[in-house]
Number of protein chains: 2
Amino acid sequence: MAKSDVNSWQAVQAEVLRRIHARIWAPGEMIPNEQALAEEFGCARATVNRALQSLSEAGLLERRRKAGTRVALHPVRKATLDIPVLRYEIEGQGAVYGYTAVQIAEHAPPEEVRSAMQAGAGHRFLHVKSVQTADGAPFVFEDRWINLTTVPEAAKTDFEAISANEWLVRHARFTHGQISFAAVNADAEVAAHLALRQGAAIFVISRITWDGGQAITHVQQFFHEGYRMQTEL
Amino acid sequence: MAKSDVNSWQAVQAEVLRRIHARIWAPGEMIPNEQALAEEFGCARATVNRALQSLSEAGLLERRRKAGTRVALHPVRKATLDIPVLRYEIEGQGAVYGYTAVQIAEHAPPEEVRSAMQAGAGHRFLHVKSVQTADGAPFVFEDRWINLTTVPEAAKTDFEAISANEWLVRHARFTHGQISFAAVNADAEVAAHLALRQGAAIFVISRITWDGGQAITHVQQFFHEGYRMQTEL
DNA sequence: GAGTGGTCTAGACCACACA
DNA sequence: GTGTGGTCTAGACCACTCT
């Protein structure tokens, strides 16, 4: 059963996957080392490495030097979510995108926002509330704080005309961030902007983005009722 | 500025990232081809390829044969979520995990579940409702349908003793699935099981998992109030 | 110490998409 | 056609980790 001439890394990956699904290699079990597989498949070790590394990233294999490679016991389902620029998500559904700034003001944020952004006492902030619509219907109500000390150009920008998100994507660099998803009951303000009843269950995405050690923006996005975020596993 | 001797793919990636952040290569702009970069960095083309491919997967670069590589205009933020086995999430927080089956019955699912699972009319289903607790407090209420036609062993399993999720992870193979996240108001049943008021905003994860063309299970998990799912960007 | 995965190299050929 | 990324190879050395 040697030399099957499986010579592309995708083919190697497919064959390995088949063996895992067929329980030829059961969860928790070791699989042959790269050298052995390369000989069996009649390809270079680098090709096997590429295939196994890809499966390892996907969480299906666990690899350690010296210890070897084993089939993951509890395959961690990793879901990769695309966080869309809302305009594209809306336009992608064939709807007309709309943007309205509800409130723009420079003032100090509540303590929890300031501390989450690790901002010094002297930092100035721009507070932008806005609504984005799909075919005229409210899609998202956004409550955003922009750190003017780290992104001073934002002070000169007309956020009546362009959404803060799009402006930031174009003009502010960002290195990393945190994102969280939750459900909240709509309060009076959110309910009013999204045109729904108070208390409705709302899907909320919260983000903080950073450029190095400096927080750029803190944003909460309250989605319309019934919104679902989906992906494949 | 040639031959800087950047010879690991991580180092190449770091340097490329630096140039993107510093706007030396602006969004939408082409970057030099692999050959040129390899010469500049004093490494092999394959090393550059590894670095750029990784950035491409992350959504920061767009690569096309012949056309070359450009900095993504709208870097799609991809968030990778780890969907945990709840027991590990709870125990990882240092809490005591508990599991209680609330209802186990074999009967036909509602039409929407059946069609979502693309199950034929003859298929039999097991319906399992359960609550999982952390230090005694309700953590998740789970409403699950298991396709007995595709996973017949489930009929002989005692789901009073083991959570359906853990059993399925161990005994059923799965090739792919869909997952979605949403917010709903707690109805009377959910509120009762989670010990909270009716109407509370609840974070819901819905999953369908498949083995090839056959649906294995459909599950909705209703989390306790205030639950947030977090990740890094 | 020794075995395994992780990576680099230099060269080669292929596949695709553009002119 | 032609230039670009995509991949494979054979060999080598390194880094980690287990014994």
Side-chain angles (χ1 to χ4, degrees), chain A residues 2-17 19-20 25-73 75-76 78, chain B residues 2-17 19-20 25-73 75-76 78:
Chain A
K3 303 271 178 182
S4 322
D5 273 62
V6 177
N7 44 3
S8 84
W9 73 264
Q10 290 97 335
V12 172
Q13 187 179 51
E15 173 59 16
V16 171
L17 266 178
R19 295 187 186 182
I20 292 173
W25 294 333
E29 222 173 73
M30 302 288 304
I31 75 173
N33 70 28
E34 296 187 348
Q35 180 62 42
L37 289 175
E39 281 169 21
E40 185 194 341
F41 293 143
C43 67
R45 185 169 79 93
T47 306
V48 174
N49 181 280
R50 179 81 159 86
L52 297 189
Q53 203 147 26
S54 165
L55 289 172
S56 166
E57 273 176 31
L60 278 164
L61 294 178
E62 285 173 6
R63 320 190 75 201
R64 268 180 317 177
R65 289 163 146 123
K66 167 70 178 175
T69 300
R70 64 176 63 235
V71 180
L73 206 48
V76 181
K78 292 194 179 176
Chain B
K3 303 272 176 181
S4 321
D5 273 64
V6 177
N7 43 2
S8 85
W9 73 265
Q10 290 95 335
V12 171
Q13 187 180 52
E15 173 59 16
V16 170
L17 267 177
R19 294 187 187 182
I20 292 173
W25 295 332
E29 222 173 72
M30 302 288 304
I31 76 173
N33 69 28
E34 296 187 348
Q35 179 61 43
L37 289 175
E39 281 169 22
E40 186 195 339
F41 294 143
C43 67
R45 185 168 80 92
T47 306
V48 174
N49 181 281
R50 179 82 159 87
L52 298 189
Q53 204 148 22
S54 164
L55 289 172
S56 167
E57 273 175 33
L60 278 163
L61 294 177
E62 285 172 9
R63 322 190 73 202
R64 268 180 319 180
R65 287 162 147 125
K66 167 68 179 176
T69 301
R70 65 176 62 234
V71 180
L73 205 48
V76 180
K78 293 194 179 177

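Quick note on labels: first sequence line is chain A, next is B, and so on, each numbered from 1.
- Minimum atom distance to the side chain of A:Ser8 is reached by D:dC8, of the listed D:dC8, D:dG6, C:dA10.
- When all heavy atoms of A:Met30 and A:Ala67 are compared, the closest pair comes out as CE-O, 2.9 Å.
- Within the 4.0 Å cut-off from OP1 or OP2 of C:dT9, at least one side-chain nitrogen or oxygen of B:Thr47 is found.
- If you check every strand for non-hydrogen atoms under 4.0 Å, B:Arg50 touches sugar and phosphate atoms only.
- A:Gln10 comes within contact range of the sugar-phosphate backbone alone, with a heavy-atom separation under 4.0 Å but no base atom that close.
- Following rounding to the nearest Å, A:Glu62 (CD) and C:dT4 (C1') show an atom-to-atom distance of 16 Å.
- Phosphate proximity of C:dG6 to A:Arg63: present, with a side-chain N or O under 4.0 Å from OP1 or OP2.
- In this structure, A:Arg64 reaches the sugar-phosphate backbone alone: every heavy-atom distance under 4.0 Å involves primed, P, OP1 or OP2 atoms, never a base.
- Residue B:Asn33 places at least one side-chain N or O under 4.0 Å from the OP1 or OP2 atom of D:dT4.
- Taking atom CH2 on B:Trp9 and atom P on C:dT7, their separation rounds to 6 Å, with Å as the unit.
- Taking atom CZ on A:Arg45 and atom C1' on D:dT9, their separation rounds to 13 Å, with Å as the unit.
- Taking 4.0 angstrom as the limit, A:Thr69 places none of its side-chain polar atoms (N or O) nearer than this to OP1 or OP2 of C:dT4.
- A salt bridge is defined here as a Lys NZ or Arg NE, NH1 or NH2 lying under 4.0 Å from an Asp or Glu carboxylate O, and B:Glu57 with B:Arg63 fails to meet this definition.
- The two atoms that bring B:Val16 and B:Trp25 nearest to each other are CG1-CZ3, 3.8 Å, heavy atoms only.
- The shortest heavy-atom contact between B:Phe41 and B:Val48 is CD1-CG2, 4.5 Å.
- Among the atoms of the strands shown, none is found under 4.0 Å from any heavy atom of B:Gln35.
- By the 4.0 Å N-to-carboxylate-O rule, B:Glu29 lies too far from B:Arg19 to be salt-bridged with it.
- In this structure, A:Arg70 does not pair ionically with A:Glu62, as no charged nitrogen and carboxylate oxygen lie closer than 4.0 Å.
- A:Glu34 places its CD atom 11 Å from the P atom of C:dT7, with the value rounded to the nearest Å.
- Rounded to whole Å, atom C1' of D:dT9 lies 15 Å from atom CD of A:Glu39.
- Taking atom CD of residue A:Gln53 and atom P of nucleotide D:dT7, one finds them 14 Å apart after rounding to whole Å.
- Across all strands shown, D:dG5 forms a Watson-Crick or G-U wobble pair with C:dC14, both key distances being under 3.5 Å.
- Atom CG of B:Leu37 is separated from atom C1' of D:dG5 by 12 Å (rounded to the nearest Å).
- Residue B:Ile31 is the one, among A:Lys66 and B:Ile31, whose nearest nucleotide of DNA chain D lies closer to the 5' end (criterion: closest heavy atom).
- A donor-acceptor contact under 3.5 angstrom links the side-chain atoms of B:Arg65 to the base of C:dA15.
- For the pair B:Leu52 CG and D:dT7 C1', the interatomic distance rounds to 15 Å; values are reported in whole Å.
- Nearest-nucleotide mapping onto DNA chain C: of B:Ala46 and A:Pro32, the residue sitting toward the 5' end is A:Pro32.
- Distances shown here put a side-chain N or O of A:Asn49 below 4.0 Å from the OP1 or OP2 atom of C:dG6.
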